[in-house]
2 protein chains.
Amino acid sequence: MERRPRVRMIEVARAAGVSHSTASRALNGSGKVSEAARQAVERAARDLGYVRDLRAADLASSRAATVGLLIRAAERPFYGELAARVQAHTEQRDYDLLTVSGGDDLDHQIRALETLLGHGAGGILIASGRAAAEAIEYASSFVPTVTVGVGLVRPGIDAVDIAVESEQELAEAVAEAGHKHVAVTASSNRLAYALHSRTANFLTSLVLADVRTTIVPSRADGDERLIKGLRSALDAGVTAVMAGEDLTAVRVIEQLVEWGLRCPEDVSVTGFDGAGAYRSPLLGLTTVAQPVEDMTGAAVDLLQTRMAGGRVDTAGLRFPGQLVRGRTLGPPPDLGGA
Amino acid sequence: MERRPRVRMIEVARAAGVSHSTASRALNGSGKVSEAARQAVERAARDLGYVRDLRAADLASSRAATVGLLIRAAERPFYGELAARVQAHTEQRDYDLLTVSGGDDLDHQIRALETLLGHGAGGILIASGRAAAEAIEYASSFVPTVTVGVGLVRPGIDAVDIAVESEQELAEAVAEAGHKHVAVTASSNRLAYALHSRTANFLTSLVLADVRTTIVPSRADGDERLIKGLRSALDAGVTAVMAGEDLTAVRVIEQLVEWGLRCPEDVSVTGFDGAGAYRSPLLGLTTVAQPVEDMTGAAVDLLQTRMAGGRVDTAGLRFPGQLVRGRTLGPPPDLGGA
DNA sequence: TTGTAGGCGTTATCAA
DNA sequence: TTGATAACGCCTACAA
């Protein structure tokens, strides 16, 4: 494959018979350029297959036309959907988007942020249920930063999340189904703020509804503790499990099947996020679909305002999600005979 | 939030009492620097919170440390998984990764590629079942380009795909289940090469197995034609539907349910891709899991070699996928009584 | 409206 | 080993 040489603006200018400053002005539509010059430049650019070097352009103009997005794990439907929506919103506002998916630990996150910053991100979006507070503050110390679905509200840092009411609604639905003893999964990762606050909200709502609760540890990898905890929860009489994420819910159900238990006849299970296949009626998972579109739209809006130096007074925006009533939540098995 | 001013290398140099050239050498480990100077610079950099401006660095060194990834739709599990794996592989090789998810049409794709190129991508990975040949050639005319799962083999352009055998295997499984008349979905989008070749492979295998075939149109959006086609296929006596993607398979099953038909008792359905939730035993979809890890690893390897100017002799690499035997493929209903 | 000149933050060359 | 000095490709006063 023969590659065409990267043509520079000066070559376009020469071909058009103007100076490179005129070419620059013609190409980015700024300043006054005669119609003749503009057309000549545009034609030359097209003919030569010119592609502007955005690094040099940003550098020279010390402008910030790029937004950086840090997501937790691109392979997870929730984050994938989020990235796709953010992409759409930034594109619509003529920002370039650089996406990196950072790890679960602070080191990886800092390095990912450095990549973003190094490539000239003028604003950063952090969408990771496991973003470290230090990472968020690090980013924020350089450029405007908005968190999405992180569940961690820090003073001075914009945050967009799902409304607490949506988490409560799910817990109430479980209570209303008649369950009297419910297990809630809790991540042991100290960075999982989103999960922690979710767990806390579930627990609060359940307790208020006079439901007994049990905690089951969940971990991103290594199911051992989850399975063990699940087993003892069931032995303790739990009739429903509220998982913090759809992924965990599905793992729980699979484990139940393995034990010969049916869902929801024997045990009810709920998830959270409701992205992609997880909200398919075919799977029938009872979950809450996060308002990804609303959240990302607001986040990009907010970021744009901040990047433009505007002031906004928002301690934290919250949007309601949508309860998806699947088939995995039902009444508890009738134990009257016992 | 007060932002710290972006400190430049020259400031680090001053703080360390050396020239910026020395600071540069110390910071990127190139050239000879005295131990004393190196430590002073490193300390100054840390103290000042220095973050190197990669735009300027790349510009000055005219080096290509960045790989661009164009994926079709970040929200789709298959592409999400792909992006995540590519990220891991590039990171491991010390490349930065810029990801953009391009649209379904040529215009969007070209613009996305320009963004990548503009930010200094020295090599491009195209992972989109709908990448236009023009887009691929466009990218390839500038920098080394490797396609992943595009299903379009062009001379001179490296391609990594799933092995045809894996597609055949699925079709054979359908035939072996006893189906004598099978519908295959076919995208009407002229850019959907991957789907086209998949459809073709399905059809070929089915015909070789002496199975009658029918085509059902499928489209990314607007289910009308899919539903109508499905209806007439069923009326024509089809007992199994082979969809080109899991997403389509799920839609087909949902539609069957709506018509009061059971899967697989009345109609069998198979998918393709097997990413994330789609290969969960809970869903039970019969599909083929693409060898995403193998494909992305090979693609990044290949790209790295090309970027380094190396020569490789590969008309197209292919890796076998894994047949996932779910519950949506069964024997055809016994029509003996009719 | 146009061109000249200087600068954006790095790296690279070449004397010292 | 170090430090001037010149690129890298572009934008942008400023002057013409």
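First the proteins, then the strands, lettered A, B, ... as listed; each starts at 1.
Ion pairing between B/D107 and B/R111 fails under the 4.0 Å rule for side-chain N and carboxylate O.
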Give me, pair by pair, the N or O atoms of the protein and of nucleotides 13-16 of chain C that are less than 3.5 Å apart, along with how far apart they are.
none

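For B/L117, the side chain to side chain contact (heavy atoms under 4.5 Å, CB included) partners at least two apart in sequence or on another chain are A/R6, A/V51, B/I124, B/Y138, B/F142, B/V143. In terms of the ring-ring contact (aromatic ring centres under 6.0 Å, His included) criterion, B/Y50 has no residue partners (sequence neighbours excluded). For A/D53, the salt bridge (charged side-chain N to carboxylate O under 4.0 Å, His left out) partners at least two apart in sequence or on another chain are A/R55. Scored by the salt bridge (charged side-chain N to carboxylate O under 4.0 Å, His left out) test, A/E11 finds A/R8 as partners (sequence neighbours excluded). Applying the salt bridge (charged side-chain N to carboxylate O under 4.0 Å, His left out) test to B/E91 and every residue at least two apart in sequence or in another chain returns nothing. Residues that satisfy the side chain to side chain donor-acceptor pair (under 3.5 Å) test with B/D301, not counting sequence neighbours, are B/R93. With sequence neighbours excluded, the residues satisfying side chain to side chain donor-acceptor pair (under 3.5 Å) with B/D105 are B/H108. Take A/R46 and apply the side chain to side chain donor-acceptor pair (under 3.5 Å) test, not counting sequence neighbours, and it matches no residue.
End-to-end axis angle for the helix from C/dT1-D/dA16 to C/dA16-D/dT1, using five pairs per end and rounding to 10°, comes out at 40°.
Bracketed by its first and final contacts, the part of DNA chain D lying under 4.0 Å from non-hydrogen atoms of chain B reaches from D/dT1 to D/dG9 in 5' to 3' order.
For the segment residues 8-19 of chain A, residues with any heavy atom less than 4.0 angstrom from an atom of DNA chain C are, sorted by number, A/V18, A/S19.
B/N28 comes within 4.0 angstrom of sugar-phosphate atoms only, judged by non-hydrogen atoms across all strands, and of no base.
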